[in-house]
Amino acid sequence: MSDKPRITILYCTQCNWLLRSGWMAQELLQTFTDTLGEVALIPGTGGVFEIRIDGELLWERKRDGGFPGPKELKQRVRDIIDPERDLGHTDRGSLES
C-alpha cells in the first residue's frame, strides 16, 4: 500500500454528477501527480457530493454551499497534503490592468 494520500469523491448518480466528479479527479491528478496515491470515484444517491482525504471530510456540497471550483479544491488539498507547495497561477489572483 502507498503511504501517499487517498482522495475519494462520493457523487450522486441520480443527479448526473459523474462528469463533475471526473473533472475534479482529473484536476487533482494533474496538479498533484507525484503526491497523491489515488483518487477514487464512488457512486452514491440522494444528492451526495463529498470529497475526503484519507477519510477526513474536505468538502461536502450541502455543508459548504455547492461545489468547489478547481482553484479552491486544489488549495484545500494542498493545505492538507503539502502546505509549502506553490500552486503557481492557482495561488495568484488575476492581474490588474
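In this text the structure is predicted, and so the values were computed from the model without any measurement. Excluded from the calculations below are hydrogen atoms, water molecules and symmetry mates; all remaining heavy atoms, backbone and side chain alike, are included.
Listed by chain and number, the residues in a side chain to side chain contact (heavy atoms under 4.5 Å, CB included) with Thr45 are Thr13, Gln14 (sequence neighbours excluded). Under the ring-ring contact (aromatic ring centres under 6.0 Å, His included) criterion, Phe49 pairs with Phe67, not counting sequence neighbours. Taking the side chain to side chain donor-acceptor pair (under 3.5 Å) definition, one finds that Thr35 meets it with Arg85, sequence neighbours left out. Listed by chain and number, the residues in a side chain to side chain donor-acceptor pair (under 3.5 Å) with Arg6 are Glu38 (sequence neighbours excluded). Contacts of Leu29 classified as side chain to side chain contact (heavy atoms under 4.5 Å, CB included), with partners at least two apart in sequence or in another chain: Val39.
Put simply, the side chain of Arg76 never gets that close to the backbone of Trp59: no donor and acceptor are under 3.5 Å apart. Asp82 places no side-chain N or O within 3.5 Å of a backbone atom of Arg78 that could act as its donor or acceptor partner.
Between atom CZ of residue Arg52 and atom CG of residue Leu10 there is a gap of 8.0 Å, rounded to the nearest 0.5 Å. From Leu28, atom CG reaches atom CG of Leu73 across 4.5 Å, with rounding to the nearest 0.5 Å. In this structure, CD on Glu56 lies 14.5 Å from CD1 on Ile51, to the nearest 0.5 angstrom. Between Arg20 atom CZ and Cys15 atom SG the span is 10.5 Å, to the nearest 0.5 Å.
Clustering ILVMFWY residues whenever any of their side-chain heavy atoms sit less than 4.5 angstrom apart, transitively, puts Trp23 in the very cluster that holds Leu87. There is no path of hydrophobic side-chain contacts, each under 4.5 Å, that joins Leu57 to Ile53. When the side chains of ILVMFWY residues are joined at heavy-atom separations under 4.5 Å, either directly or via intervening members, Ile42 and Ile7 end up in two distinct hydrophobic clusters.
Nearest heavy atoms, Gly46 versus Cys12: N-SG, 3.7 Å. When all heavy atoms of Gly47 and Trp17 are compared, the closest pair comes out as O-CZ3, 3.4 Å. Leu41 and Ala25 get closest at one heavy-atom pair: CD2-CB, 4.1 Å.
Applying the salt bridge (charged side-chain N to carboxylate O under 4.0 Å, His left out) definition to pairs two or more places apart or across chains, those involving residues 21-36 are Glu27-Lys74.
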